[in-house]
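For the numbers below, each heavy atom of this structure counts, side chains included, while hydrogens, waters and symmetry mates do not. Residues take their numbers from the sequence shown, with the count starting at 1.
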Amino acid sequence: MAIFLTKESKVLVQGMTGGEGMKHTRRMLAAGTDIVGGVNPRKAGRTVDFDDRVVPVFGSVSEGMAATGADVTVVFVPPPFAKAAVIEAVDAGIALAVVITEGIPVHDAVAFQAYARERGTRIVGPNCPGLISPGQSNAGIIPADIAAKPGRIGLVSKSGTLTYQLMYELRETGFSSAVGIGGDPVVGTTHIDCLAAFEDDPDTELIVLIGEIGGDAEERAAAYIAERVTKPVIGYIAGFTAPEGKTMGHAGAIVSGSSGTAEAKKKALEAVGVRVGSTPSETARLVLDRLAASRDVTHN
């Protein structure tokens, strides 16, 4: 199994005919994603030839869903138009919208996130790498070749780069799903949403949680783990060397005193039994050690 995205998912790409949309649609198709259409009202009725797959272009998400049964959309629409694109997808009744676009104004993100929640559409992102269920489907920009092997690790990460690194380090072990939730101040799917889904997924044995400095998402995730998660969780927090009082990267994370620091987040996670690596490589070793210990107990 997997979470949110499976081999049964039928995927539309909003902005497919743009440069980034074309490049990543080709990569998603190569990973086995069932891309059933693109969306561009100015190019409706055309088709795009991706090697051995011809993909139709629809004038709207609702038209594409009606014609194909699509239940996922991946959004590569430029920031000024992203809010309208997401709202269009929500109005069409799409189940999952993966918003890759970086630089969406916060007030736009707040508006479409609230609109989606009211109407039952799950948003992943914005400013995220998307999600992948290796061997099944890939919606976004995660390089499929770093995680070609299905496995029993579930990964949720704020950081795109660290998503890729942990998947590469654990490529021989494999993943049930990996979700890059994005590091913007306002995101749709959270650490907690993914923890809940991985907890319920019988094919996920262990969960890796990657956080970043700023905000309190990781502290809230720690409280959720204590109350609801029975599976082992290994963590990593980016930003241990960050100076206080400065905005950090795409997360927009301002660290003041102990609030939002990597150390505070590490302590919160460790207090509920989560082992936290000091580097990505150490985190990967902790994962392998925990899986090996679990299997030794099972075999004995």
Side-chain angles (χ1 to χ4, degrees), residues 2 4-104 108-109 112 116 121-134 136-145 160 163 177-182 188-189:
F4 309 149
L5 187 74
T6 72
K7 63 183 178 181
E8 307 301 327
S9 300
K10 295 182 183 298
V11 181
L12 295 172
V13 181
Q14 291 173 264
M16 184 184 78
T17 56
E20 288 298 300
M22 290 283 285
K23 177 175 72 176
H24 291 293
T25 296
R26 191 178 300 277
R27 293 174 69 178
M28 286 187 279
L29 285 166
T33 307
D34 187 11
I35 294 180
V36 295
V39 178
N40 184 331
R42 296 187 304 278
K43 298 184 179 181
R46 301 185 189 181
T47 59
V48 180
D49 189 351
F50 292 96
D51 302 324
D52 59 347
R53 181 80 173 256
V54 177
V55 179
V57 180
F58 299 101
S60 67
V61 174
S62 59
E63 181 187 336
M65 289 176 65
T68 66
D71 53 0
V72 178
T73 184
V74 183
V75 180
F76 286 100
V77 176
F81 313 108
K83 175 185 172 184
V86 176
I87 287 176
E88 177 192 334
V90 173
D91 282 341
I94 203 81
L96 171 64
V98 183
V99 187
I100 305 300
T101 308
E102 182 178 2
I104 296 174
D108 283 359
F112 71 64
T121 293
R122 175 177 295 282
I123 304 288
V124 173
N127 188 17
C128 75
L131 64 160
I132 182 172
S133 297
Q136 298 193 57
S137 190
N138 182 4
I141 63 174
I142 296 174
D145 56 352
T163 300
S177 293
V179 185
I181 61 174
T189 297

K.L.:
With sequence neighbours left out, write down each residue that passes ring pair (Phe, Tyr, Trp, His ring centres under 6.0 Å) with Phe76, or none if nothing qualifies.
P.N.:
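Result, ring pair (Phe, Tyr, Trp, His ring centres under 6.0 Å) vs Phe76: His24.
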
K.L.:
Could you tell me whether a side-chain N or O of Ser137 sits under 3.5 Å from a main-chain N or O of Leu5, the two making a donor and an acceptor?
P.N.:
no

K.L.:
Would you find more than 12 non-hydrogen atoms of other residues, nucleotides or ligands less than 6.0 Å from Phe81 atom CZ?
P.N.:
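No, the 6.0 Å shell around CZ holds no more than 12 heavy atoms from other groups.
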
K.L.:
How long is the span from the OG1 atom in Thr25 to the CD1 atom in Ile35, to the nearest 0.5 Å?
P.N.:
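Result: 4.5 Å between the selected atoms.
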
K.L.:
So do the side chains of Leu96 and Val124 get within less than 4.5 Å of each other, counting heavy atoms only?
P.N.:
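Leu96 vs Val124: side chains touch.
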
K.L.:
Write down the atom of Val75, the atom of Ala85, and the distance for their closest heavy-atom approach.
P.N.:
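In this case the closest contact between Val75 and Ala85 is CG1-CB, 4.4 Å.
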
K.L.:
If you round to the nearest 0.5 Å, how far is OG1 of Thr189 from CG of Leu131?
P.N.:
8.5 Å

K.L.:
Are Asp71 and Lys10 within salt-bridge range, i.e. N to O under 4.0 Å?
P.N.:
no

K.L.:
Report the distance from atom CE of Met65 to atom OG of Ser60, rounding to the nearest 0.5 Å.
P.N.:
10.0 Å

K.L.:
Are any of the side-chain heavy atoms of Val39 and Thr73 separated by less than 4.5 Å?
P.N.:
no

K.L.:
Looking only at heavy atoms, which two atoms of Met28 and Val13 are closest? And how far apart?
P.N.:
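That closest heavy-atom pairing would be CE-CG2, 4.0 Å.
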
K.L.:
What are the two closest heavy atoms between Ile104 and Ala109, and how far apart are they?
P.N.:
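Shortest heavy-atom contact: CG2-N, 4.1 Å.
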
K.L.:
So, the side chain of Thr101 versus the backbone of Pro79: is there a donor-acceptor pair under 3.5 Å, distance only?
P.N.:
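Judged by distance alone, no pair lies under 3.5 Å.
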
K.L.:
Does some side-chain heavy atom of Pro129 sit less than 4.5 Å from a side-chain heavy atom of Ile100?
P.N.:
no

K.L.:
Quick one: does Thr33's side chain have a donor or acceptor within less than 3.5 Å of a partner on Asn138's backbone?
P.N.:
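Such a contact is found between Thr33 side chain and Asn138 backbone.
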
K.L.:
Do side-chain atoms of Thr6 reach the backbone of Ala2 as a donor and acceptor pair under 3.5 angstrom?
P.N.:
no

K.L.:
Grab the two heavy atoms, one from Ala89 and one from Val61, that are nearest each other, plus how far apart they are.
P.N.:
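For Ala89 and Val61, the tightest heavy-atom pair comes out as CA-CG1, 3.9 Å.
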
K.L.:
Rounded to the nearest 0.5 Å, how far does NZ of Lys43 lie from OG1 of Thr17?
P.N.:
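Thr17 OG1 to Lys43 NZ: 4.0 Å, rounded to 0.5 Å.
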
K.L.:
Of the non-hydrogen atoms in Arg27 and Ile141, which two are nearest, and what is the gap between them?
P.N.:
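Heavy atoms of Arg27 and Ile141 come nearest at NH2-O, 4.3 Å.
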
K.L.:
Of all the heavy-atom pairs spanning Ser9 and Phe4, show the shortest one and how long it is.
P.N.:
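Looks like OG-O, 4.4 Å.
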
K.L.:
Among Val74, Asn40, Val48, which one satisfies side-chain contact (heavy atoms from CB on, under 4.5 Å) with Met16?
P.N.:
Val48

